[in-house]
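Labels below follow one simple rule: chain letters A, B, ... track the order of the sequence lines, proteins then strands, and each chain is numbered from 1.
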Amino acid sequence: MTVRTRFAPSPTGFLHIGGLRTALFCWLYARRHAGRFILRIEDTDLERSTPEAIQQILDGLEWAGLDCDEGPFFQTKRFERYREVIEQLLAEGKAYRCYCTKEELEQMRAQQIARGEKPRYDGRWRERTDSLPGVAPVVRFKNPLTGEAVVDDVVHGRVIFQNSELDDLIIARSDGSPTYNFCVVVDDMDMQITHVIRGDDHLNNTPRQLNMLLALGATPPVYAHLPMILGADGAKLSKRHGAVSVLEYRDQGFLPEAVLNYLVRLGWSHGDQEFFTIEEMQSLFDIVDVNKSAAAFNFEKLAWLNQQHMMRAPPARLVPVLRWHLEQMGIEAADGTQLEQIVVAQRERAKTLREMAVNSAFFFRAPDAYDEKAVRKHIGAEVPALLAEAVVALERLEAWTAAAIHEVISGVAVARGVALGKLAQPLRLAVCGGTVSPPIDATLAILGKAETLSRLGRAQALWSA
RNA sequence: GCUCCCUUCGUCUAGAGGCCUAGGACACGGCCCUCUCAAGGCUGUAACACGAGUUCGAAUCUCGUAGGGAGCGCCA
């Protein structure tokens, strides 16, 4: 039997990082077992579902590279099918119409809570066959009164629920529209889902779904309930924790493979390994290795992993991403070769591609000011003469490569009897306006001879005065 | 309130009864490397929630306690 997993988000907001983790585990499990990954949009809540949210989810998954094999399916397009199954259950006596009003139910709940009981429907219409004129009924599923629902969860082990704890849930609203728990059951059955992998906030829904599946004569899927992802403070993940939407990570300069690598290690591990390529995740991931406890999101570790991925990726992989971030800053960088050199020079000194773009702006824009503190520290009385000598030597240089530049600069330093730093820092300051850049030889090589000399000239004029 | 779930360094985790003087990673501190910043190397601080029990032996098994979370909707 081929493995079939599904990711079933509801389009009531953007795709958030917890949802992406769930999607990732579903996707990895399907890929690992040469199965199928199915995308299903659970949009039965007509009030809150929006087309923008649907697009956001699709964009997020595409950016992350989690491609689906089937779908997206939309529950709103399957209402006829749900109606059919509801009729079937009604006809078989496995469901019934309930004419309770919302007010009546609310009162029931209030009384139960007052008595310290678990609020639940008491089944007062379960055996009635009459109707109440003027009231549009809901349809309820006849949950077994006795016995137990046993969920053999891959991550939690066997979890047993007493049927007596469960009530008869509504499967069709008074307007006839089907409800979430019911749609899930019909869809998982129709789509022949073999493994339901989802957040463990759904663990409590599982016994109801299991009972409905059994009532419909379907073979229940394997269940795996993943631990939740918490904010850095250990509280439930929300907007105030910063980036929650998947697309924000793209905008902040994270690589999708790094985000996935970070997420896969939340709740899953493979010995002591921290770095995983997508291919490694696909071949190593297994739900039996998922642990049970919730994990707090840690931006520093994500940033570290992002850098690790940047350092190991082929430079050409990063070029278009860096170009995009530069464009966001109003910098048009046409020369791909130069961008590739920048990537190689900068990737070990930036955690994100956005940071790399910021750090690399000076390659495209001559500094309009020099860091004052640095000028005071590095531009002493001896610097103009030192710089002048370096400029002369650089002007003579034909082969403008990092190695040749290095030779020239260290040659000047040695000749003047000063440490390389005494020359490198003034050069750096002149060329990029600050004290931080890749090694000075590489920096000048990337900048080009003409631009280097032009910037040095400007600085000389200023510092000689 | 009731039901269900969870509990190893600050954080992510390794750990399937002796291999644990509890390992790795992020973060943090120190040292090294060094033209700046990084990256890298070495190194340090730091955890089995608590209490019983089972066992020759428990982070690992059982039961309690405490703390955290989820669910209990004509939301998904």
Quote, to the nearest angstrom, the P distance that separates B/rC32 from B/rG15.
37 Å
Figure out the NE2/P separation between A/H270 and B/rC12, and round it to whole Å.
21 Å
Nucleotide N/O to protein N/O under 3.5 Å, stretch nucleotides 2-9 of chain B:
{"unit_1": "B/rC5", "atom_1": "O3'", "unit_2": "A/H156", "atom_2": "ND1", "d": "3.0"}

side-chain contact (heavy atoms from CB on, under 4.5 Å) evaluation trace for A/H202 with A/H225:
CA-CA 7 Å; A/H202 287 283; A/H225 287 94; 4.0 Å; yes
At under 4.0 Å between heavy atoms, how does the protein contact nucleotides 30-36 of chain B? Give one character per nucleotide, 5' to 3', with B, S or -.
-----BB
How far does the P atom of B/rC74 sit from the matching atom of B/rG17, given to the nearest Å?
47 Å
Indicate, with yes or no, if the rings of A/F276 and A/W268 have centres closer together than 6.0 Å.
yes
Kindly say whether the aromatic ring centers of A/H309 and A/F275 come within a distance under 6.0 Å.
yes
From CE (A/M281) to CG (A/L263), nearest 0.5 Å
9.0 Å
Summarise how protein sits on nucleotides 21-26 of chain B as a single string, 5' to 3': B when a protein heavy atom is under 4.0 Å from the base, S for sugar-phosphate-only contact, - for no contact.
--BBBS
Using a strict 4.0 Å threshold on nitrogen-to-oxygen distance, state whether A/R40 and A/D188 make a salt bridge.
yes
A/E106 with A/R109: basic N within carboxylate O range, under 4.0 Å
no
Of A/A136 and A/N291, whose closest RNA chain B nucleotide lies nearer the 5' terminus?
A/N291
Determine: side-chain N/O of A/R109 to OP1/OP2 of B/rG73, distance under 4.0 Å, yes or no.
yes
Can a salt bridge be assigned to the pair A/R6 and A/D187 using a cut-off of 4.0 Å between side-chain N and carboxylate O?
no
